[in-house]
Amino acid sequence: MLSNKRIQELELVMDFEKVEECFKEVSSWIENVGRKRLKETINLDDSLEMLLQAQKQFREFDLVASEYCRRGQEGLKKMDRWEDFSSVDVHSYRVKLQTYKDQLEEFCTQLDENRHRICEMVRLYEFFDKVRQSICYRGECKKP
């Protein structure tokens, strides 16, 4: 039984090394591209036209970022079996795996939050634009 468990642990290490390339690629993209692009969406311009342009650019980024998130999550699913192993030999790999998991979860959460925030801002600006147009249509706005 001990021998079988050891063989399973070695198989997991070999699996991890195969999947680790994917993790490294996803992690590198998150750090070098993803986080920078998310920071760009913090301060958005305060006109509807500029906000719509920012939303369009974010959607393009979101497609790529979501693909990296999906790939990272698929890699993590392949490593689900690690939960059953607690030997010292596997510990360093579990730490790496947890680091990748935390980084991916944080980035995907930030991506979702920014997607929602931009969408809500556009809806709010469109609403206020309709209200402004309605007021001006009734002649209640002052012309410059």
Going by heavy atoms in the side chains, are [X] and [Y] under 4.5 Å from each other?
X	Y	result
Glu20	Ser27	no
Leu76	Phe23	yes
Arg117	Thr41	yes
Phe127	Val131	yes
Lys101	Lys96	no
Leu38	Phe58	yes
Leu52	Glu49	no
Gln98	Asp102	yes

| task | Go through Arg115 and Asp112 one step at a time and tell me if the salt bridge (Lys or Arg N to Asp or Glu O under 4.0 Å) criterion holds. | result | CA-CA 5 Å; Arg115 183 185 309 116; Asp112 288 342; 2.6 Å; yes
| Should the heavy atoms of other residues, nucleotides or ligands under 6.0 Å from CG of Asn32 be counted, would the total exceed 12? |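 Above 12, so yes.
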Test your reading of the model: is there a side-chain donor-acceptor pair from [X] to the backbone of [Y], 3.5 Å cut-off?
X	Y	answer
Ser28	Lys24	no
Arg37	Ala65	no
Ser134	Lys130	no

Separation between [atom1] of [X] and [atom2] of [Y], rounded to the nearest 0.5 Å:
X	Y	atom1	atom2	result
Phe16	Glu21	CZ	CD	10.5 Å
Arg59	Cys119	CZ	SG	7.0 Å
Leu111	Tyr68	CG	OH	13.5 Å
Glu105	Cys69	CD	SG	10.5 Å
Leu51	Glu126	CG	CD	8.5 Å

| task | Quick one: sort the Trp29 and Phe107 rings into parallel, tilted or perpendicular, breaks at 30° and 60°. | result |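 The rings of Trp29 and Phe107 stand perpendicular, inter-plane angle above 60°.
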| task | Test Arg123 against Glu120 for salt bridge (Lys or Arg N to Asp or Glu O under 4.0 Å), laying out the working first. | result | CA-CA 5 Å; Arg123 288 180 41 194; Glu120 289 300 310; 3.1 Å; yes
| Pick from Lys78, Lys77, Arg70: which one makes a side-chain hydrogen bond (donor to acceptor under 3.5 Å, both in side chains) with Glu74? |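 So, applying the side-chain hydrogen bond (donor to acceptor under 3.5 Å, both in side chains) to Glu74 and each of Lys78, Lys77, Arg70, only Arg70 qualifies.
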| request: Over all heavy atoms of both residues, which pair between Ile30 and Leu104 is shortest? Give the atoms and the distance, please. | output: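 Looking at all heavy atoms of both residues, the shortest contact is CD1-CD1, 4.1 Å.
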| Criterion side chain to side chain contact (heavy atoms under 4.5 Å, CB included) on Arg71 and Glu25, from CA distance to verdict | CA-CA 10 Å; Arg71 287 174 50 202; Glu25 182 183 341; 3.0 Å; yes
| said: For a quick check under 3.5 Å, do Gln110 and Asn114 share a side-chain donor-acceptor pair by atom type? | reply: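 No.
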| field | Polar contact flag, side-chain donor to acceptor under 3.5 angstrom, Gln57-Glu40 | value | no
| Same hydrophobic cluster for Leu124 and Ile135, using side-chain heavy-atom links shorter than 4.5 Å among ILVMFWY? | yes
| message | Grouping I, L, V, M, F, W and Y whenever their side-chain heavy atoms are under 4.5 Å apart, do Val33 and Val26 come out in a common cluster? | response | yes
| message | Go through it in stages, so that I can follow the logic: the residues are His116 and Met121, the test is side chain to side chain contact (heavy atoms under 4.5 Å, CB included), and I'd like the CA-CA distance, side-chain angles, deciding distance and then a yes or no. | response | CA-CA 9 Å; His116 179 74; Met121 286 179 66; over 6 Å; no
